[in-house]
Every structure is written in C-alpha cells, then in structure tokens.
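These notes are about the structure you will find just below.
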Amino acid sequence: MLSCREVAARASALIDGELGLAQRLRMRLHLAMCRGCARFVAQLRLATALIALAGGEEPGQDPSRLAAILDRLGHPEGGDGT
Amino acid sequence: MSPAEEAALVRRLAAGDGEAFALVWRRHNAAMVRVATGILGNRASAEEVAQDSWIAVMRAIGDFRGDCSLAGWIFTILVNTARNRAAREGRMVSFEETDGPDGLADAFDGRGRWRRMPALWEELTPERIVAGRSVLAHVEAAIAALPPGQRAVIVLRAQVGLEAREVCEILGISEGNMRVMLHRARLAVRAALERIA
C-alpha cells in the first residue's frame with residue numbers, strides 16, 4: 001500500500017488525470033481508508049481551482065497602456081526592421 | 001477558440017484591426033505582465049517588456065503560421081523579450097528546477113505517515129471564496145512569491161491554458177520538470193490557504 005508521503009507526491013498527477021489505471025486504483029484505495037490524505041487531496045484540488053480563478057481576472061488593467069501600444073504601432077520608430 | 005476562429009483572428013490582427021488587437025491584449029496582457037514580473041523581479045520593467053512584446057507580436061503577425069497556438073506564440077515572444085532584458089541587466093534566468101523544498105519535507109514521519117493530519121477546511125467554503133476577494137488575494141500573493149519557473153508554469157499552464165508541450169518549449173524545460181514545478185506551486189498555494197483556513 002502507498003504511504004501518505006507517496007500519495008501526497010502523486011496528488012497532482014491524480015488531479016490532472018495522468019496516472020495509469022493501476023496507480024489510480026492504488027491511490028483510490030488509500031484515499032478511501034485515510035482521512036488525512038483524502039483531506040489533503042481535497043485541499044490540493046481547491047488550491048488548483050483557485051489558481052485558475054486567480055488568473056481569470058485582473059482589475060486595474062490600464063486601458064492607456066493599450067492606447068500606448070496602438071500609438072507606437074501607428075508611428076513606428078525607425079531602425080527595428082519594420 | 002477553434003483553429004478556424006483563431007485563424008480568423010490572426011487575419012484580423014495582420015490586417016491591423018484595432019478591435020481584434022484590443023481583444024487579444026485584454027485576454028493576455030495581465031498574464032504577460034505576471035510572467036515577466038517573475039523573470040525580471042519588478043513590475044515596472046515587466047510592463048515595459050509586455051508592451052515591447054506586443055509591438056513585436058504585431059510587427060511579426062504576418063509571419064505567424066499556426067505551428068503553435070497564437071497564445072503560445074505570443075508568450076514565446078514575451079518570455080524571450082523578458083529573458084533578453086534580464087540578460088542585459090546582468091541576470092541569468094533559468095526555469096529549470098531540479099531540487100528544492102516542496103513544502104512537505106517535515107510533514108511525514110519515518111514511515112511516511114502524516115505527522116499532523118491535514119485539517120478539514122470548514123471555513124474555506126466556495127461561498128466565502130466567491131463573497132470576498134481576500135482568499136483570491138492570498139492565492140495571488142502566494143503565486144507572486146514563487147520562484148520564476150514555478151510562477152511561469154502556473155500562469156502559462158494553469159491560467160492561460162497552454163498545452164503542456166508549448167509550456168515546455170517556451171521555458172526550455174522537460175515535461176517531467178514542468179509537472180514537478182506545477183505540483184510544488186500548488187503545494188505552496190495550499191500552504192498559504194492553510195494559514196487562513
């Protein structure tokens with residue numbers, strides 16, 4: 001049987017669906033019997049979901065930066081191969 | 001975005017369609033600044049690098065052949081621009097991570113069992129996460145504190161959603177290394193959440 005340390009090391013692979021059938025079953029078996037690891041994997045799943053959420057929005061994106069780029073594109077400076 | 005939609009978008013960009021540019025800029029600029037900040041270590045330089053990258057993207061868009069995704073191509077330019085600037089400032093940036101702490105070094109006893117059982121995060125409910133920005137702010141701070149490689153992997157793979165293969169090519173790392181970094185980054189975010197749960 002996998003140790004808790006081994007389960008923790010493979011937790012991301014489990015979440016990402018990268019484990020083969022045998023490995024997945026060994027993980028499931030451990031998780032069914034070990035509350036600590038079940039909680040750990042749930043925590044890592046939450047962390048994974050929140051990481052994706054954190055990238056979803058960025059308040060304070062300054063529209064003037066967009067304008068500055070459009071401005072530079074409209075007036076290409078010489079010497080850089082345009 | 002389907003390949004056909006992406007091809008249409010690229011054609012609009014190549015034709016100088018400002019609306020198409022604004023769309024792509026809004027979609028990627030924040031993530032570009034985050035990756036560049038990880039590489040350069042400061043936000044002001046990162047903003048400049050992002051802007052220079054956009055100029056390079058728009059000047060070269062006619063050469064984009066769709067061998068990779070548009071996002072992958074844009075982030076290739078961004079990472080190269082940021083690395084070049086870091087090199088000019090005398091900093092060598094390597095994304096490869098071989099050994100390092102994963103935050104769980106002391107979590108297990110000699111037989112590989114939890115020393116202290118992970119807590120049930122009863123307070124960290126989806127409602128609370130949706131209700132306030134504080135939880136996400138914690139996550140963002142934890143990501144900002146990651147080493148450059150982990151930060152780049154997190155943004156490119158988990159946030160921008162690039163294919164694993166593209167992330168590895170852009171950063172010059174192996175797929176195995178990328179998975180290790182992704183795991184370590186998640187462990188770091190989990191540890192940050194543990195402090196507020």
Side-chain angles (χ1 to χ4, degrees), chain A residues 1-19 30-31 33-77 79-82, chain B residues 16 18 21-22 25-26 29-31 33-34 47 50-52 54-56 58-59 102 104 107-109 111-114 116-121 124 126 129 133 135-140 142-143 154-155 158-161 164 179-180 182-194 197:
Chain A
M1 177 153 152
L2 293 172
S3 69
C4 298
R5 184 196 297 273
E6 289 167 326
V7 169
R10 291 162 175 72
S12 275
L14 178 74
I15 290 170
D16 295 334
E18 288 160 0
L19 295 178
H30 184 112
L31 292 174
M33 295 189 296
C34 175
R35 200 162 44 151
C37 284
R39 285 178 180 178
F40 176 81
V41 170
Q43 291 170 354
L44 208 62
R45 276 189 202 283
L46 181 63
T48 302
L50 288 176
I51 286 167
L53 261 185
E57 54 179 297
E58 176 93 355
Q61 271 218 81
D62 187 353
S64 72
R65 297 196 187 284
L66 173 60
I69 295 167
L70 291 171
D71 200 45
R72 275 176 70 185
L73 284 168
H75 308 90
E77 305 104 298
D80 53 2
T82 53
Chain B
F21 178 73
W25 181 83
R26 272 196 298 274
N29 191 62
V33 171
R34 284 201 294 273
E47 298 266 9
Q51 192 178 112
D52 290 346
W54 282 117
I55 300 291
M58 289 308 285
R59 287 183 178 159
D102 68 1
L104 288 178
F108 303 101
D109 65 20
R111 295 168 65 184
R113 293 179 306 202
W114 294 102
R116 193 167 55 83
M117 181 171 323
L120 189 61
W121 287 355
L124 215 53
I129 290 160
R133 293 259 327 141
V135 175
L136 276 187
H138 259 86
V139 171
E140 279 159 17
I143 293 171
I154 277 289
V155 176
Q159 297 183 339
V160 178
R179 295 191 195 293
V180 168
L182 200 54
H183 184 58
R184 283 181 187 164
R186 286 172 180 168
L187 291 177
V189 170
R190 173 192 168 267
L193 291 170
E194 198 166 38

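Proteins get letters first, then strands, A, B, ... in listed order; numbering begins at 1 in each.
When heavy atoms are compared at a cutoff of 4.5 Å, B:Ile143 approaches chain A solely by way of its side chain, counted from C-beta outward. Of the atoms belonging to B:Arg111, it is backbone heavy atoms, and not side-chain ones, that fall under 4.5 Å from chain A. For B:Arg179, the part lying near chain A is the side chain, with the backbone staying farther off; criterion is any non-hydrogen pair under 4.5 Å.
Between A:Phe40 and B:Trp114, the ring-plane angle classifies as tilted under the 30° and 60° cut-offs.
Take A:Arg35 and apply the side chain to side chain donor-acceptor pair (under 3.5 Å) test, not counting sequence neighbours, and it matches no residue. Applying the side-chain contact (heavy atoms from CB on, under 4.5 Å) criterion to A:Ala9, with sequence neighbours excluded, gives no partner residue.
Considering only heavy atoms from C-beta on, B:Trp54 comes within 4.5 Å of B:Asn29 through its side chain.
Comparing B:Ala119, B:Ala107, B:Ala158, B:Ala22 by how many heavy-atom pairs each has under 4.5 Å with chain A, the most go to B:Ala119. Chain B forms more heavy-atom pairs under 4.5 Å with one residue of A:Glu6, A:Arg5, A:Glu18, A:Arg65 than with any other, namely A:Arg5. Each of B:Glu194, B:Arg190, B:Arg116, B:Met117 has some count of heavy-atom pairs under 4.5 Å with chain A, and the biggest count is that of B:Arg190. Of the listed residues (B:Val160, B:Val155, B:Asp52), the one with the most heavy-atom contacts under 4.5 Å to chain A is B:Asp52.
When atom types are taken as modelled, the side chain of B:Glu47 and the backbone of B:Val33 share no donor-acceptor pair closer than 3.5 angstrom. Looking at B:His183, its side chain never comes within 3.5 Å of a backbone N or O of A:Ala13 through a donor-acceptor pair.
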